[in-house]
There are 2 protein chains.
Amino acid sequence: MRISELVERSGVPLATIKYYLREGLLMPGEASSATQASYGEDHVQRLALIRALTGVVGLSIQKTAEVIRLIERPRTDLFLTLGAAIGTLPPYAEDVPGENPRDYPLARTVLARHGQIYDPDYPAVGQLDRALAAASAAGFPIDDDRLDHYNAHVRAIAEYDIAHIPDESAQSAIEYAVLGTALYEPVIVALRRLAHQDLARHRFIADTAGT
Amino acid sequence: MRISELVERSGVPLATIKYYLREGLLMPGEASSATQASYGEDHVQRLALIRALTGVVGLSIQKTAEVIRLIERPRTDLFLTLGAAIGTLPPYAEDVPGENPRDYPLARTVLARHGQIYDPDYPAVGQLDRALAAASAAGFPIDDDRLDHYNAHVRAIAEYDIAHIPDESAQSAIEYAVLGTALYEPVIVALRRLAHQDLARHRFIADTAGT
DNA sequence: AATTATGGATAGTATCAGTATCTAATACGA
DNA sequence: TCGTATTAGATACTGATACTATCCATAATT
């Protein structure tokens, strides 16, 4: 299809598609002349992915480009690729210069409790540490009991995720692992918010009825 | 304490504190003269909250101001306040003008399956719908089985949250509900990412050993 | 032949989250 | 009490980000 059709199909403005092409998020179409190139379904889907990653997941264009690069040219194995992908997701570490031998005491304690290995090179370790520290500093520390509950259920979710990694090809496994981690997060978060509202509604109604 | 001490204690630059004051995120100190005001522990904690909400949760200054307004002057009840708070959290709805009678078919189906009521006025309903639509469009649709698994565990987490709402005062209940929803999300997400890496590591090692 | 569409390059814009500067008033130490 | 430092409050400036618009030369379409 021509680019005008790609604009229609994807709903993304022409100027923005050109911008994504410049930034390397979208692969070029197959050029048939100096002023014509043809695009396919893969371009439509890539644009949907870009919009999902920037819009719903909230990644910047730069981070989105990193994720796309990872699924196009993955690391040697799924584990490393997944680690690199997680490193692109917020909340980001702000590398304080001169404070390199970073340690994440809050995360370390939690991981020890749950029998998971502690490796400060996992990006998610720093992310967990920062999330715990922020909640504490804001006056809402998370105690061990709550963390145990959270982790038990989150682990069950993660086990489902990992158990359903497709095994047709390494490529599709990596895409699923990387994008499933990122794209399903907003779903999980939305489900929790909905459950909160549902439960709060019941409690509110009970309170009202009791008054 | 004077503002210079607040700068030290909080780690937030002076110019930034003044900015937060201007934007109404931070309450003014108690003025003792035209050029002096005194600040307390509540100011230190408020700054930590602002940094947590903007930095770790990823809210904009505007949205952070909305959340703070909600816990300072809540709606009539917890349920409404919680709903309003959830409305400030990403991913945001982009109000397409002239398309007001919004409906969220994906979310409606899911909620029906799980026996929760469908009300398009819950912000999280639109958020769920958008998250599901984005995953689908990007080529990673979520089937019912997965949603059932996710929802079962997420609901267990939410039940724990709601069961632990403090009942000393309506004020503290509202603060806990609003900020617990927002501040604990990054923790849950980080735990899932860690579990993914942990499980992928095992699987990778198994693969390597088997080869 | 005239109009329209495209690729590629470049420049411009809006928003956001601070940062910096300035002034007048005040605090505080010597 | 003099002189330096600090502060509140107002206003202006900055850098990054994510587009958006314009231009041109070429080529496709009618």
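Each chain gets a letter, A, B and so on, in the order its sequence line appears, and its residues count up from 1.
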Side-chain donor-acceptor pairs under 3.5 Å in residues 78-92 of chain B, sequence neighbours left out?
unit_1: B/Thr81; atom_1: OG1; unit_2: B/Arg75; atom_2: N; d: 3.0
unit_1: B/Thr81; atom_1: OG1; unit_2: B/Asp77; atom_2: O; d: 2.8
unit_1: B/Thr88; atom_1: OG1; unit_2: B/Ala85; atom_2: O; d: 2.6

Between side-chain atoms of residues 29-40 of chain A and protein atoms elsewhere (two or more places apart, or another chain), which donor-acceptor pairs fall under 3.5 Å?
unit_1: A/Ser32; atom_1: OG; unit_2: A/Gln36; atom_2: O; d: 3.4
unit_1: A/Ser33; atom_1: OG; unit_2: A/Thr35; atom_2: N; d: 3.1
unit_1: A/Ser33; atom_1: OG; unit_2: A/Gln36; atom_2: N; d: 3.4

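Of all the residues in residues 13-34 of chain A, A/Lys18, A/Arg22, A/Ala34 reach under 4.0 Å from DNA chain C with at least one non-hydrogen atom. For DNA chain D, none of the residues of residues 48-72 of chain B falls under the heavy-atom distance limit of 4.0 Å.
Residue A/Glu5 is the one, among B/Arg2 and A/Glu5, whose nearest nucleotide of DNA chain C lies closer to the 5' end (criterion: closest heavy atom).
A/Gln197 is linked by a side-chain hydrogen bond (donor to acceptor under 3.5 Å, both in side chains) to nothing, counting only residues two or more places apart in sequence or in another chain. B/Ile188 meets the side chain to side chain contact (heavy atoms under 4.5 Å, CB included) test with A/Tyr150, A/Val154, A/Arg192, B/Ile157; sequence neighbours excluded. Partners of B/Tyr160 by ring-ring contact (aromatic ring centres under 6.0 Å, His included), not counting sequence neighbours, listed by chain and number: A/His149, B/His164. Partners of B/His153 according to the side-chain hydrogen bond (donor to acceptor under 3.5 Å, both in side chains) rule, which considers only residues two or more places apart in sequence or in another chain, are A/His153. Every residue meeting the side-chain hydrogen bond (donor to acceptor under 3.5 Å, both in side chains) condition with A/Arg9, not counting sequence neighbours, appears here in chain and number order: A/Glu41. Every residue meeting the side chain to side chain contact (heavy atoms under 4.5 Å, CB included) condition with B/Asp148, not counting sequence neighbours, appears here in chain and number order: B/Arg113, B/His114.
Counting only residues at least two apart or in different chains, salt bridge (charged side-chain N to carboxylate O under 4.0 Å, His left out) contacts with residues 42-55 of chain A comprise A/Arg46-A/Glu72.
Using a cut-off of 4.0 Å between Lys/Arg side-chain N and Asp/Glu carboxylate O, A/Asp161 and B/Arg146 are scored as salt-bridged.
Running 5' to 3' along DNA chain D, contacts with non-hydrogen atoms of chain B at under 4.0 Å begin and end at D/dT6 to D/dT11.
At whole-Å resolution of the value, CD in A/Gln36 and C1' in C/dG8 are 14 Å apart.
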